[in-house]
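Scroll down for the structure; my scribbles are underneath it.
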Number of protein chains: 2
Amino acid sequence: MSLDEQLRSHGLRVTGIRRDVLDLLQRSDRALSHADVERALPERADRVTLFRVLQSFEDAGLAHRVLDVQGTSRYASCSTECDAHAHHDVHAHFRCTACSGVFCLERVALPEVNVPKGFTVTASRLELEGRCSSCA
Amino acid sequence: MSLDEQLRSHGLRVTGIRRDVLDLLQRSDRALSHADVERALPERADRVTLFRVLQSFEDAGLAHRVLDVQGTSRYASCSTECDAHAHHDVHAHFRCTACSGVFCLERVALPEVNVPKGFTVTASRLELEGRCSSCA
DNA sequence: GTGCAAATGCAACGACGTTGCAAATATGGG
DNA sequence: CCCATATTTGCAACGTCGTTGCATTTGCAC
């Protein structure tokens, strides 16, 4: 499916910036921060616009947000199994403490955990930390 | 062990602010943000000082840092099994998406995960998300 | 008590993220 | 193809979190 089709099929209008950002995310092997995107974009885009584009992708289910070791948001394009309502809880992540990179890993079966009385769990993820191959 | 003894035994000088902050952390059932601490403190303390106090606690192994759903740092006092060098990788966490609260949970046995070639894992945690009892 | 290292307070700064508003643009209907 | 309109973009301003540098104060060892 082309970039334009993907955007439209998720209810988003097609614009140059959205096309460029989606392309970037899909080519990347890791989650990209707002700053990464700004740097890598073929043509300058307003900072605020990028925040909004990334947010629209998350709302539409085209990308999902994940925090890096510093607490900054990064975005990765969703695999096809994601949809707009349940695309937060299928990933395991690896966070590099050196470069702050975030990588999506395979799905894993997660252990059961007892949560305190009255708590409701909507998502659970396994989060790994360490050094990625570039920072080893 | 008294607050003062705990501070001293971790190589920290005893000051009023440190005592107050450590007391707060140990009484709390959840991880506290810098802003939480600032608000709850018996007497006004400089913002920067609080950041440094919390950081010193983390460095000394008296508390550990954990990010909430918004990516803001929160601190929780360490259990006795923590020490200055390896107190990052023993917890499972629950993050409330409503109030951004973070709660430390019991230890769990984590599943093995295949990481890409060249990656080194130094810590792994199970992270749960949902609503805490106060926000249900 | 005295001296020194450490802790505190203050000012300034930077990154990240948000909001409001005006101008530009994508898209559906004629 | 053009028009009307809802969306998107750009810009300015703002807020929070977190850091750094420096002067002052304070804990603590002697």
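Remember, it's a predicted structure, so these values are computed and weren't measured experimentally. Below, chain A is the first sequence line, B the second, and so on; all start at residue 1.
Taking the six-membered ring for Trp and the full ring otherwise, the centers of H34(A) and F51(A) sit less than 6.0 Å from each other.
Put simply, CG on L50(A) is 16 Å from P on dA15(C), counting in whole angstrom units. Between the CZ atom of R52(A) and the C1' atom of dC21(C) there is a distance of 10 Å, rounded to whole Å. dA13(D) atom P lies 18 Å from atom CZ of F51(A), rounded to whole Å. One can place CG of L54(A) at 14 Å from C1' of dT9(D), the figure rounded to the nearest angstrom. If you measure from atom CG of D46(A) to atom P of dT9(D), you get 10 Å, rounded to the nearest angstrom. Here the C1' atom of nucleotide dT25(C) and the CG atom of D4(A) are 15 Å apart, to the nearest Å. Atoms CZ (R47(B)) and P (dT8(C)) sit 16 Å apart, rounded to a whole Å. Here dT7(D) presents its C1' atom at 15 Å from CD of Q55(A), a figure rounded to the nearest Å.
Here R8(A) lies in heavy-atom contact (under 4.0 Å) with sugar-phosphate atoms only. Note on T49(B): a base of the nucleic acid sits closer than 4.0 angstrom, heavy atoms only.
Nearest to the side chain of L12(B), among dT9(D), dA7(C), dC10(C), sits dA7(C). Minimum atom distance to the side chain of V48(B) is reached by dT20(D), of the listed dT20(D), dG18(D), dT7(D).
Mapping A45(B) and H34(A) onto DNA chain C via the closest heavy atom, the residue that lands nearer the 5' end is A45(B). Ranked by how close their nearest DNA chain D nucleotide is to the 5' end, S73(B) and T15(B) are led by S73(B).
Using modelled atom types, no side-chain atom of R19(B) and backbone atom of D4(B) make a donor-acceptor pair closer than 3.5 Å.
In this pair, F103(B) and F119(A) present their aromatic rings perpendicular. The plane angle is above 60°, beyond the 30 to 60° band.
Using modelled atom types, one finds no donor on one side chain facing an acceptor on the other under 3.5 Å when comparing E129(A) with T122(B). For the residue pair D36(B) and S33(B), a side-chain donor N or O sits within less than 3.5 Å of a side-chain acceptor on the partner.
The phosphate of dT8(D) has OP1 or OP2 within less than 4.0 Å of a side-chain N or O from R18(A).
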